[in-house]
Amino acid sequence: MSFYTGIGIHPLMPDGSLGPETEVSGLPDGVKINFVTWSNDGKHLTFSVRFEEEESSSSKLRVWVADVETGMARPLFQSPDIYLNAVFDNYVWVDNSTLLVCTIPLSRGDPPKKPLVPSGPKIQSNEQKTIVQVRTFQDLLKDEDLFDYYATSQLVLASLDGTVKEVGSPAVYTSLDPSPDEKYILISSIHRPYSFIVPCGRFPKKVDLWTADGNFVRELCDLPLAEDIPIASNSVRSGMRSLNWRADKPSTLYWAETQDGGDAKVEVSPRDIVYTQPAEPQEGEEPEILHKLDLRYGGISWCDDSLALVYESWYKTRRTRTWVISPGSKDVSPRILFDRSSEDVYSDPGSPMLRRTSTGSYVIAKLRKENDNATYLLLNGNGATPEGDIPFLDLLDINTSSKERIWESDKEKYYESVVALLSDQKEGDIHINDLKILTSKESKTENTQYYIQSWPDKKLCQITNFRHPYPQLASLQKEMIRYERKDGVRLTATLYLPPGYDPLKDGPLPCLVWSYPGEFKSKDAAGQVRGSPNEFAGIGPTSALLWLARRFAILSGPTSPIIGEGDEEANDRYVEQLVASAEAAVEEVIRRGVAHPNKIAVGGHSYGAFMTANLLAHAPHLFCCGIARSGAYNRTLTPFGFQAQNEDRTLWEATNTYVEMSPFMSANRIKKPILLIHGEEDNNPGTLTMQSDRFFNALKGHGALCRLVILPFESHGYSARESIMHVLWETDRWLQKHCVSNTSEVSADIGKNKDGEGKEVTDIENKAVAASGRGGAELADDIESGQFYSKTRSLM
């Protein structure tokens with residue numbers, strides 16, 4: 001688990017600037033800080049600390065509290081024997097002086113030991129012939145007693161004055177949620193009977209209502225074990241779900257209940273119903289129906305009794321709708337505000353900005369103008385356009401749906417975005433002249449800085465001055481490039497080139513292509529541009545961009561859309577479309593003269609690793625080697641669907657698709673070097689570590705040049721410094737040996753390819769020579785290549 005080593009607090013001055021820093025003091029040496037939380041009044045911070053104890057090689061979490069004004073920190077509990085249990089939830093502020101904390105029970109004792117002699121066999125039975133189809137989940141329960149031992153918490157009410165009170169009995173508490181008026185707490189827990197085939201989120205779930213001082217009020221629901229949720233997209237658990245407090249009310253609950261039994265394949269209207277009810281209803285008072293939906297419920301943004309926005313969507317059609325309702329007026333009919341395709345980013349109107357209330361909840365911000373009775377909302381959008389994202393703020397008249405753009409990002413050099421609304425000191429509507437927002441600003445070579453912008457003059461005040469995190473690459477070259485694949489679908493990618501590189505003087509470079517396929521329902525949506533050419537090039541711990549320092553060209557995130565229009569299933573043409581996208585990307589970088597045609601490597605993480613193996617199997621003419629991390633290569637090992645919602649047919653319903661998509665089934669065709677890396681304890685559904693083990697054995701059984709690296713204790717992503725450094729070394733060695741030093745001509749492999757790609761590759765080589773003005777001479781650069789990990793935005 002990552003951690004902080006210190007906390008600094010800056011006051012925000014009236015002129016919008018940051019005041020002097022107050023460093024939180026009184027912490028032990030070598031402390032590791034997590035779970036930092038503000039009190040609602042902003043006067044205190046709570047956080048967990050851990051440090052190595054002399055008598056133990058392990059460290060437990062303790063809860064500390066700091067005074068914001070002085071910066072002085074101290075333990076919340078005077079007793080040294082009270083430790084935080086953060087397996088699920090950890091702690092919440094009940095009010096400005098009291099916290100509810102999940103602690104390790106004082107009576108817990110030593111962990112249960114596995115008996116030397118088993119008490120009996122493990123038995124699973126389906127003698128009732130129930131149809132239960134589940135995804136291939138990882139990290140499933142193996143020892144019920146051990147799970148209870150570590151997950152069970154004792155809830156403790158702790159006041160800043162040192163008062164401590166145990167409340168309730170020890171249980172596996174999963175969430176704690178105080179009401180906005182601080183009078184009640186929603187307490188969620190899970191209990192037996194557990195399951196060995198689904199994650200703990202589907203275990204029996206109980207939600208109770210307690211008073212703020214820890215007294216039981218009533219049981220809201222006790223949902224049974226949910227092993228039978230269908231695998232179809234948008235299938236959900238039956239019963240009460242998404243149970244929450246209304247953000248605009250003191251203590252009113254709301255939730256959704258499915259009307260289709262949770263099965264998305266069942267046609268019914270309505271499909272979901274949203275209910276609401278006071279925390280303590282009058283005797284005989286039934287829940288009130290708030291809204292009925294024909295798609296799947298997706299949440300609510302609350303404002304007040306006159307306004308709330310309800311969201312619904314349906315993945316199969318990509319349809320998404322936003323409804324305007326008046327929660328306090330039954331005579332006002334709901335109406336649709338937006339009805340669009342979720343994958344059409346060009347039509348995305350943005351999301352309503354929320355303001356923080358005095359109780360710490362967030363509600364839709366209403367704006368008003370001078371001498372104008374209209375009610376306006378602020379829509380914060382990414383502003384996707386064919387030229388890239390241009391974030392915006394629109395004023396939306398909620399009654400007429402007319403819009404007025406009041407802020408937009410710089411288009412030429414910078415990428416700016418709205419981070420938060422700061423005009424929340426007062427209750428009620430915000431006057432447009434009192435508007436204040438927090439924005440971020442960055443460019444291709446300037447890292448993100450934060451600003452406060454105030455109306456009416458839109459004055460900017462910079463509040464951060466972060467140093468460039470990697471000055472060695474400050475002058476890297478970045479370009480968002482556009483090209484087409486042979487079926488006419490428009491594609492985009494971000495091309496990074498090393499600092500000071502000149503294609504005319506330096507010639508083509510070794511190139512690393514790192515990608516992740518996506519699924520779409522339409523060619524138009526697949527061809528839309530996502531991201532901005534002006535975003536800062538963020539580099540993660542295992543990012544491909546590290547190899548810019550080794551004089552690599554990096555093609556980051558070339559779009560590889562897998563399209564299934566109408567009733568067509570996208571995966572039925574997965575390999576064909578994947579290869580077409582890769583061919584277009586490779587041809588483009590060679591046409592530009594920046595990539596040596598014999599020195600192009602491909603890589604990816606998770607579904608990107610699956611892509612990499614497929615490309616080496618079905619498009620060996622494009623790449624000299626590959627790096628595949630934490631992937632799944634045999635889809636028959638995930639027989640009840642895979643890749644989240646991308647495939648919800650079973651292996652027996654779409655046998656050909658499962659087999660043809662599986663690079664494991666084409667292991668005999670992979671002749672190019674492939675490096676497989678996997679975490680030993682991968683917890684991601686479908687990408688069990690066995691996938692890489694079996695794939696490696698299949699490759700080795702056919703004499704393929706391959707290497708398998710299993711990282712101890714690592715999950716789907718890699719965290720330990722030792723693991724990250726080893727991943728970098730392995731990838732660097734692989735690319736240096738099989739990409740930089742590659743001496744084989746592309747055409748030498750074509751004769752072995754039975755699919756007739758020879759002419760295409762020859763054409764690509766000819767274009768490369770024409771574009772670069774060179775005859776394909778090898779580069780002498782000492783280039784070491786690297787591993788990289790998919791991050792949000794430009795972090796790959």
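Given the structure is predicted, the values throughout are model-derived calculations rather than measurements.
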Got L220 and L186 here, is their nearest side-chain heavy-atom distance under 4.5 Å? yes
Going by distance alone, is a donor N or O of one side chain under 3.5 Å from an acceptor N or O of the other, for S175 and D89? no
Thinking salt bridges, do D260 and R271 make one under a 4.0 Å N-O criterion? yes
Step by step, would you call F520 with I562 a side-chain contact (heavy atoms from CB on, under 4.5 Å)? CA-CA 6 Å; F520 293 87; I562 311 299; over 6 Å; no
Does any N or O in the side chain of D272 come within less than 3.5 Å of the main-chain N or O of Y297, such that one atom is a donor and the other an acceptor? yes
Between M480 and E387, does a side-chain contact (heavy atoms from CB on, under 4.5 Å) hold up when you go through it step by step? CA-CA 9 Å; M480 181 179 282; E387 289 73 44; over 6 Å; no
Give a yes or no on whether the backbone of D181 and the side-chain of T359 come within a donor-acceptor separation of less than 3.5 Å. no
So which atom in A493 and which in P558 form the shortest heavy-atom distance, rounded to 0.1 Å? CB-CA, 3.5 Å
Quick check: closest heavy atoms across I463 and L438, and the distance to 0.1 Å? CD1-CD1, 3.8 Å
Closest heavy-atom contact between G8 and E21? CA-OE2, 3.7 Å
Report yes if the side chains of K403 and P349 come closer than 4.5 Å at any heavy-atom pair, otherwise no. yes
Check this for me, if you would: do K413 and E446 make a salt bridge, where the nitrogen-to-carboxylate-oxygen distance has to be below 4.0 angstrom? yes
Just so I know, are the side chains of V345 and N382 near enough to count as touching, which here means a heavy-atom distance under 4.5 Å? no
Backbone N or O of A374 within a donor-acceptor pair of the N399 side chain at under 3.5 Å? no
Any donor-acceptor N or O pair under 3.5 Å, side chains R340, T322: no
Using distance alone, with no hydrogens and no angle criterion, decide if W93 and T46 have a side-chain donor and acceptor under 3.5 Å apart. yes
Counting neighbours of CG on N373 that are heavy atoms of other residues, nucleotides or ligands and sit closer than 6.0 Å, is the number greater than 12? no
What is the minimum heavy-atom distance between N234 and K316, and which atoms define it? OD1-N, 4.3 Å
With no hydrogens and no angle check, is any side-chain donor or acceptor of S179 less than 3.5 Å from a backbone partner on S251? no
Evaluation steps, side-chain contact (heavy atoms from CB on, under 4.5 Å), between I437 and N380: CA-CA 11 Å; I437 58 175; N380 182 13; over 6 Å; no
Working to the nearest 0.5 Å, report the span between CD1 of I273 and OH of Y275. 4.0 Å
Atom pair CZ/CG of R368 and N433 - distance to nearest 0.5 Å: 9.5 Å
Counting C-beta onward and ignoring hydrogens, is there a side-chain heavy-atom pair between L99 and V94 closer than 4.5 Å? no
Return yes if some donor-acceptor pair links the side-chain N/O of D263 with the main-chain N/O of K265 below 3.5 Å, else return no. yes
Please name the pair of heavy atoms, one in C221 and one in M240, separated by the smallest distance, quoted to 0.1 Å. CB-SD, 3.7 Å
Does E343 use its side chain to pair, donor to acceptor, with the backbone of K521 at less than 3.5 Å? yes
Do R246 and D305 meet the salt-bridge criterion of a basic N to acidic O distance under 4.0 Å? yes
Please determine whether side-chain contact (heavy atoms from CB on, under 4.5 Å) holds for the pair L435 and L378, giving the CA-CA distance in whole Å, both sets of side-chain angles, and the decisive distance to 0.1 Å. CA-CA 10 Å; L435 183 61; L378 270 178; 3.7 Å; yes
Short side-chain to backbone donor-acceptor contact, S409 and E416, under 3.5 Å: yes
Distance-only, no hydrogens or angles: does the N40 side chain make a donor-acceptor pair with backbone N or O of D95 under 3.5 Å? no
Would one find more than 12 heavy atoms of other residues, nucleotides or ligands at under 6.0 Å from atom OH of Y4? no
When you compare the side chain of L309 with that of V324, does any pair of heavy atoms fall below 4.5 Å? yes
Salt bridge or not for D389 and R530, using N-O below 4.0 Å? no
Quick one, D294 with S269, criterion side-chain hydrogen bond (donor to acceptor under 3.5 Å, both in side chains). Give me CA distance, side-chain angles, the key distance, then yes/no. CA-CA 6 Å; D294 284 335; S269 178; 2.7 Å; yes
State, without any angle test, whether D434 and S423 hold a side-chain donor-acceptor pair at a distance under 3.5 Å. no
Close side-chain approach of T375 to K366, heavy-atom, < 4.5 Å: yes
Using 30° and 60° as the class limits, which term best fits the ring planes of F466 and Y450: parallel, tilted or perpendicular? perpendicular
Once you round to the nearest 0.5 Å, how far does CH2 of W323 lie from CG of D339? 8.5 Å
Using distance alone, with no hydrogens and no angle criterion, decide if Q449 and T464 have a side-chain donor and acceptor under 3.5 Å apart. yes
Side chain of E280, backbone of P278: donor and acceptor closer than 3.5 Å? no
OG of S401 to CG of L396: how many Å apart, nearest 0.5 Å? 6.0 Å
Working to the nearest 0.5 Å, report the span between CG of D208 and OH of Y173. 8.0 Å
Does E647 pair with R135 as a salt bridge, N-O distance under 4.0 Å? no
Search all heavy atoms of L45 against all heavy atoms of W38 and return the closest pair with its distance. CD2-CD2, 3.5 Å
Quick check: do S301 and Y362 have side-chain heavy atoms less than 4.5 Å from each other? no
Rounding to 0.5 Å, atoms NZ (K444) and CD (E535) come to a distance of 11.5 Å
Are the side chains of Y415 and P391 in contact, using a 4.5 Å heavy-atom criterion? yes
Under 3.5 Å, is there a donor-acceptor pair linking the side chains of D15 and S17? yes
Just checking K458: does its NZ atom have more than 12 heavy atoms from other residues, nucleotides or ligands closer to it than 6.0 angstrom? yes
Exceeds 12 heavy-atom contacts within 6.0 angstrom, atom CD of E565: yes
Between R321, R296, K292, which is the residue that forms a salt bridge (charged side-chain N to carboxylate O under 4.0 Å, His left out) with E312? R321
Do other residues, nucleotides or ligands put more than 12 heavy atoms under 6.0 Å from the NZ atom of K369? yes
Have S417 and S440 got a donor and an acceptor in their side chains that come within less than 3.5 Å? yes
Please check: side-chain N/O of S39 versus main-chain N/O of N96, any donor-acceptor pairing under 3.5 Å? no
